[in-house]
Amino acid sequence: MQLSKTYNPAEVEDKWYKYWMDNGYFHADANSNKPKYSIVIPPPNVTGVLHMGHMLNNTIQDILTRRARMQGKEACWVPGTDHASIATEAKVVKMLKEQGINKTDIGREKFLEHAWVWKEKYGGIILDQLKKLGASCDWERTRFTMEPKLSEAVIQVFVDLYEKGLIYRGERMVNWDPSAKTSVSDEEVIHKDVQSKLYYINYKIAGEDGHITIATTRPETLLGDSAVCVNPNDERYAYLKGKKVIVPVANRQVPVIFDEYVDIEFGTGCLKVTPAHDINDFELGKKHSLETIDIFNEDGTIAPIAGHYVGMDRFAVRKQIVKDLEEIGLIEKIEDIKNSVGYSERTDAVIEPRLSKQWFVDMKKIIDKNPKVLQAVMDDEIKFHPAKFKTTYKQWVENIREWCISRQLWWGQRIPAWYAPDGSFVVAATEQEAIQKFQISNFKFEMGELKQDEDVVDTWFSSWLWPISVFDGFENPNNPDIKAFYPTDDLVTGPDIIFFWVLRMVMAGYEYRGEKPFKNVYFTGIVRDKQRRKMSKQLGNSPDPLELINQFGADGVRMGILLSSSAGNDILFDESQVEQGRNFCNKIWNAYRLVKGWEIVEDSAVDTEIVKANQLASKWFASKLNEGLKEIEEKFADYRLSEALMAIYKLVWDDYCAWYLEMVKPEYGKPINRSAFDATIAHFSDLLKIVHPFMPFITEELFHDLNDGNPAKPIIVEDYPKVQQGVEAVPSLAIDFITEMRNLRNSKGLSPKEEIKTALVCENETTAAVYSSFEYIIRKLANTPAVEILAEKPEGALQLLVKNDALYVFLEESIDPETEREKISEEIKYLQGFLKSVDAKLSNQKFVANAKGDIVERERQKKADAEAKLRLLNDNLLALS
RNA sequence: GGGGGCAUAGCUCAGUUGGUUCAGAGCAUCUGCCUUACAAGCAGAGGGUCACAGGUUCGAAUCCUGUUGCCCCCACCA
């Protein structure tokens, strides 16, 4: 194959993805006798499109999966999507609206039909996008949280928890999303500080001339007022005891009540009480037996009971009522105030506290039943990376509250509660079971009167079962899949859903399998732009990942996003990193292009000196590679993937391309000897394997070409290189020397073509032998006609520096003594200072007495080394003058 | 109001229980090179009072206290 000058990702990516798919390399078999490795994907919303957060998250999962697969494990990465009740329902409602269809007009069944059509049409987009990224998911296992089996699991668990007394129904003040017309959990409410106004409104005292002034940010709710409250210790208002005030506009009389809840300092110290529309007021109302007047419809418009502004939206009413109050002179003043307002995470609507009947899970009881939920994380049985998130987790566990799981939506699993006409209910999976249960409990019960609860369960109620349900662990707790792949190995997710998802999965894991759901949790950061702003559609600062892939290639994007993402830190995404990724692909590509272009001859046809030098170069690289592998292993063990990648990057770019290839590269037009060529290819092949989990496409492409298009195994299932024991460490002394030569050349403005005569003075025989073995390589890379390795410094030679047990000596007269003197003097100065500090330490009794281990010995050695060096430098200074 | 985290080179980050040349890496910058794989490249260089102030210690980027600045979570504000 003719290779182009640069790597062209577009030509190869689709080809290899299809190849991997067609050959079933992504599929994991539960019955295989290999050790198992599994990850379940954090299911993206069906409504979603791929964003940079997904890119990061799934790149990491793919790296872990591919590496495990190459390490001979049966690697199973389960993909899937989440039905995302609110988000999807909102999307479908909007779509229908555009067609002039109203959700309530067509009814539940018809609406769900539309929703499923929508899901079939758009729900797979995000998964297709993952394929572009190279994700090696087992697509045969693709699951959807609302598919029949997973829905059955949800119902099964609901019924089970109800029967265990862990699910109950209750009337509560809940967070109401008037836009989605459903309750949402506390955790789905985002509090934002906003600039708003504090209105001071006068309420007339009934039967008297006076008035009192209350302060409120929500004047529209006064229609639902059922009292005014002051602090009993507030002497200003003691005279109000037993009196009533008149609610403006509504013209209702309400009592003045006294409660220490009221903050004397805030506003006027006088609070209007609206039990239906504020959680604290609700509590006050209960305590003082106040009337609850719910003035809102479920969409946030004013209900008939309010008597005024009926049908108007709450925010329009706020404006209007202020205007009306001003007209009748009851607005005392208006102040600017900063306060926090709750917004719905899904729809961004302002949350309205609302009294309603909902279903709850008793989370505290589940945790009390399963102490492992906390223990396992604290004891690292479930390991968090980074560990700092253990604290967050612990806080959540310790402050756990009941979980409101009912949602007033249609898209989702319908709550399996069945009601008789008298309002009594049973919880059962099917209508038939419900009938049976009713018959046992109530013999008067007649068939055909049952009504199922209208609500569905919170989406997270299916998510928390995900690691079990994707392996059909509820349908059959002993099936081969769940036995093989549960508990999963790694979970890759964001710290923002530690409570929503991670904790709940752990709870479900222990409750339903008596076992943790995963062994490791890798927390990725939030992807931000260069200015640290969160990437969002509104800001338009999120690049389209597919666009990036088109431009830089999937491998380049994968590398770019990973480079600066140490675990748990936010990722500051910068396109230049993706560029670096692309450049790295190109480097690998061109290294291969170079090697491929070489003409090969037998070893006997090449100078022995060269053959030997090439062998040495290969040995040197082999030792570098082995060291690199060791480091990479360690980084992976700590889940420091970006550092592992950096180690790989340096191994390829610096050690292999910049040094090794330059060492063995034949002179222009000359052939390379066979053994050197084979070694070069073998090293390259190892590197490709190490790179593959990070950059799957280019490595598969080159691995095939390397093996004439027909490797024994494609790289995706090749054996990942292992750290070798007993690899001879070859010192990099020659590298340092060559670098110094180049340095000198640079500082003198000499061209690389200009030869410099050099010598090394080396008293130590072992070191001398190493230098000597590298002589050919030094001559070649430093472009010097000869390197003499001498036991002592020749007359008249100029020394450059002392390093690695040797003197680097230049025989060339072109060296300027003055500059060299300066250099040496500077170094002497530094060494003297250094020695002073070492001496200070060593003459310090306390140091000698207290320093542990061999610290003191090391200091002595340092001193001796420095002194020796200093002597040499002084000698040289003399020689120069 | 409660809790947690962070502060190291221009940028993004490493720095494992205090102790070898510990003050590092990548990118960016600067200098010189189109040297026959790659200018998406090659060869080099410069750059930091480790936020600030105290303390512990023979010894502190590392441990303690305080200050300042930033971030996150929870609770809550009429």
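These numbers were taken from a predicted model, which means no experiment stands behind them. So you know, we letter chains A, B, ... as the sequences are listed, proteins then strands, and number each from 1.
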OP1 or OP2 of [N] versus the side-chain N and O atoms of [X]: is any pair under 4.0 Å?
X         : N       : answer
Tyr668(A) : rU35(B) : no
Lys394(A) : rG3(B)  : no
Arg640(A) : rG15(B) : yes
Thr392(A) : rC72(B) : no
Asn743(A) : rA45(B) : yes
Trp653(A) : rC42(B) : yes

Length of the [atom1]-[atom2] vector between [X] and [N], whole Å:
X         : N       : atom1 : atom2 : answer
Arg582(A) : rG26(B) : CZ    : P     : 20 Å
Met741(A) : rG44(B) : CE    : C1'   : 14 Å
Ile648(A) : rG26(B) : CD1   : P     : 16 Å
Ile190(A) : rC76(B) : CD1   : C1'   : 16 Å
Ile337(A) : rC76(B) : CD1   : C1'   : 13 Å
Glu631(A) : rA14(B) : CD    : P     : 15 Å
Leu781(A) : rA43(B) : CG    : P     : 10 Å
Phe573(A) : rG26(B) : CZ    : C1'   : 16 Å

Checking all strands, does [X] fall into the base, sugar-phosphate, or nothing category for heavy-atom contacts under 4.0 angstrom?
X         : answer
Asp263(A) : base
Leu198(A) : sugar-phosphate
Lys587(A) : base
Lys650(A) : sugar-phosphate
Glu662(A) : base
Val262(A) : base
Cys657(A) : base
Thr268(A) : nothing
Arg742(A) : sugar-phosphate
Tyr649(A) : sugar-phosphate

Could you tell me how far [M] sits from [N] if I compare only their [atom1] atoms? Round to whole Å.
N       : M       : atom1 : answer
rC34(B) : rC42(B) : C1'   : 10 Å
rC50(B) : rG4(B)  : C1'   : 23 Å
rG59(B) : rG18(B) : P     : 15 Å
rA14(B) : rG5(B)  : P     : 16 Å
rG24(B) : rU16(B) : P     : 15 Å
rU57(B) : rG1(B)  : C1'   : 38 Å
rG47(B) : rU35(B) : P     : 31 Å
rA28(B) : rG66(B) : P     : 42 Å

Is a donor from one side chain sitting under 3.5 angstrom from an acceptor on the other, for [X] and [Y]?
X         : Y         : value
Asn8(A)   : Glu11(A)  : yes
Tyr203(A) : Asp225(A) : yes
Lys272(A) : Thr221(A) : yes

- Are any side-chain N or O atoms of Asp259(A) and backbone N or O atoms of Asn231(A), one a donor and one an acceptor, separated by less than 3.5 Å?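 Not a single qualifying donor-acceptor pair exists.
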
- Message: A side-chain contact here means heavy atoms from C-beta on lying under 4.5 Å apart; do Lys383(A) and Val521(A) qualify?
- Response: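 Not in contact.
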
- Message: Using side-chain heavy atoms (C-beta onward) and a distance below 4.5 Å, is Glu260(A) in contact with Asn233(A)?
- Response: yes

Quick check for you: among [options], whose closest atom lies nearest to any side-chain atom of [X]?
X         : options                   : result
Glu643(A) : rA40(B), rA14(B), rC38(B) : rA14(B)
Arg401(A) : rC74(B), rC38(B), rG26(B) : rC74(B)
Phe847(A) : rG19(B), rG26(B), rA37(B) : rG19(B)
Gln580(A) : rC74(B), rC27(B), rG44(B) : rC27(B)

- Query: Hey, which of Val230(A), Asp234(A), Thr213(A) is the one that makes side-chain contact (heavy atoms from CB on, under 4.5 Å) with Thr268(A)?
  - Reply: Thr213(A)

- Name the residue closer to the 5' end of RNA chain B, choosing between Leu271(A) and Gln395(A) according to the nucleotide with the nearest heavy atom. Gln395(A)

- Query: Starting at the 5' end of RNA chain B and moving along, which residue's nearest nucleotide shows up first, Asn583(A) or Gly267(A)?
  - Reply: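 In this pair, the answer is Asn583(A).
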
- Item | Arg504(A) charged N/C atom sitting above Trp396(A) aromatic ring, 6.0 Å / 45° | no

- Message: Within 45 degrees of the ring normal and closer than 6.0 Å to the centroid, is that where the cationic atom of Lys390(A) sits relative to Phe384(A)?
- Response: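 Lys390(A) over Phe384(A) ring: no.
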
- Message: I want to know whether Tyr660(A) and His683(A) have ring centres closer than 6.0 Å.
- Response: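 Under 6.0 Å, so yes.
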
- Item | Residues, nucleotides or ligands: over 12 heavy atoms within 6.0 Å of Lys364(A) NZ | no

- Message: With a 3.5 Å cut-off and heavy atoms only, can you find an N or O donor on one side and an acceptor on the other between the side chain of Ser576(A) and the base of rC27(B)?
- Response: no

- Item | Structure string for RNA chain B in dot-bracket form, Watson-Crick and G-U at under 3.5 Å, | interchain | (((((((..((((.....[....)))).(((((.......))))).....(((((..]....))))))))))))....

